[in-house]
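Report on one structure; see the data block that follows.
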Amino acid sequence: MFERFTVGARTVVVAAQEDARERKQAKIRTENLLVSLYRDQESAAVALLREAGVEFVDVEAEVERLASEDSTPDAGKLALLGIDFEEVRKAAEETFGPGALERTQAGKQRRMFGHIPFDESSKKALELSLREALRLKHKEIRSEHVLLGLLHAEGGAAHHILAAKGVTLDGMREAVAGLGEAG
Amino acid sequence: MADATAVAAAASSKDPHVGLAAVAALRGLQEALEELQVGNARAQGWSWAQIAGVLQVSKQAVHKKYRRLGN
């Protein structure tokens with residue numbers, strides 16, 4: 001699916017993973033995608049969000065609040081035992097090379113060592129961004145389609161953050177359609 | 001730092017969920033490290049018996065668990 005994403009939209013997805021990691025979340029959630037839309041201030045998605053009265057600070061505050069409710073990832077749990085996971089990783093990589101822990105079966109199964117998976121809602125939102133692009137007969141998935149996907153994915157926090165600001169899927173669809181392919 | 005506060009709070013909590021999850025994370029780390037070490041030992045020509053001896057487990061157990069790493 002990602003082959004259809006523009007560079008801009010891919011950047012949003014990568015930024016969402018970084019955002020989830022920085023907030024020490026176990027999974028990437030829709031609100032991480034939403035806040036990452038603001039990485040590129042020049043993007044159509046940001047223009048649409050601003051027009052709808054949704055500013056970065058509002059989203060950021062909400063994301064921060066939700067992150068504090070998230071379950072602690074493995075590195076955090078190990079810290080409870082007095083183990084500094086980053087030190088263990090460093091030692092393992094010095095001996096066995098970069099990504100050594102991630103390559104083991106346990107590393108893959110637990111996804112404990114850096115790779116953060118998408119949760120159900122954010123996966124759904126990304127799938128829906130493809131569907132929204134197809135619906136508008138747009139060939140590429142751009143950041144504004146990711147925004148539509150986030151609005152469409154009703155189970156996600158991004159949907160609720162936007163709905164609370166009065167942003168609707170239908171209204172945003174119209175706005176995105178108005179941009180045309182060039183937007 | 002928020003992290004340290006959270007850690008301190010959790011460490012002093014008697015919530016089984018917190019403690020058990022920490023142990024599970026530790027087991028995951030232990031498994032990963034064991035696989036790296038066993039793979040390295042095999043690559044250096046160690047026998048399963050030698051590896052089992054140092055790991056303090058049975059030869060059968062270590063072979064069954066890690067034969068997927070290659071002979």
Side-chain angles (χ1 to χ4, degrees), chain A residues 18-27 32 60-117 119, chain B residues 1-48 50-71:
Chain A
E18 286 168 11
D19 187 64
R21 181 176 294 134
E22 278 163 20
R23 294 178 206 275
K24 309 217 181 299
Q25 294 176 202
K27 292 192 169 178
N32 301 118
E60 168 66 24
E62 200 50 25
V63 175
E64 192 53 42
R65 190 181 66 75
L66 291 164
S68 65
E69 294 171 4
D70 194 16
S71 63
T72 322
D74 280 353
K77 290 174 191 153
L78 291 167
L80 296 181
L81 305 171
I83 297 168
D84 185 337
F85 174 67
E86 285 311 315
E87 286 298 315
V88 178
R89 185 214 295 271
K90 219 169 83 188
E93 295 196 341
E94 272 168 17
T95 315
F96 300 111
L101 287 171
E102 288 87 340
R103 283 196 297 273
T104 64
Q105 195 174 55
K108 282 177 201 153
Q109 273 170 4
R110 293 186 65 85
R111 298 183 166 190
M112 65 188 303
F113 310 124
H115 177 82
I116 306 176
D119 76 352
Chain B
M1 172 179 172
D3 240 17
T5 321
V7 167
S12 63
S13 109
K14 277 203 167 177
D15 181 355
H17 189 270
V18 173
L20 291 170
V23 173
L26 180 62
R27 190 171 56 230
L29 181 59
Q30 185 256 322
E31 292 282 333
L33 292 173
E34 187 179 280
E35 182 181 322
L36 286 175
Q37 295 295 347
V38 170
N40 180 50
R42 291 297 290 171
Q44 293 193 26
W46 279 43
S47 69
W48 292 113
Q50 277 178 298
I51 294 169
V54 182
L55 273 180
Q56 301 185 33
V57 296
S58 76
K59 188 183 107 181
Q60 288 76 13
V62 75
H63 180 249
K64 189 177 172 206
K65 195 166 168 190
Y66 292 109
R67 67 186 158 207
R68 64 187 160 81
L69 298 178
N71 313 311

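Bear in mind that the values here come from a model prediction, so they are computed numbers and not experimental data. Throughout, protein chains are lettered first and strands after them, A, B, ... in sequence-line order, and every chain is numbered starting at 1.
Atom-to-atom distance recorded for T95(A):OG1 and N40(B):CG is 8.5 Å, nearest 0.5 angstrom. Atom CG of L26(B) sits about 12.0 Å away from atom NZ of K77(A), to the nearest 0.5 Å.
Between L36(B) and A100(A) the shortest heavy-atom distance is CD2-O, 3.7 Å. Listed here is the closest heavy atom pair of L101(A) and A32(B): CD2-CB, 3.8 Å. Across all their heavy atoms, A22(B) and L80(A) have their closest contact at CB-CD1, 4.3 Å. The minimum heavy-atom distance linking E35(B) with Q105(A) is given by the pair OE1-N, 2.8 Å. Closest approach of A106(A) and G28(B) over heavy atoms only: CB-O, 3.6 Å.
Residues V88(A) and L33(B) are in side-chain contact: their nearest non-hydrogen atoms beyond the backbone lie under 4.5 Å apart. Within the 4.5 Å cutoff, side-chain heavy atoms of Q37(B) are placed close to those of F96(A).
Annotation: K65(B), atom NZ; neighbour count of heavy atoms from other residues, nucleotides and ligands within 6.0 Å is above 12.
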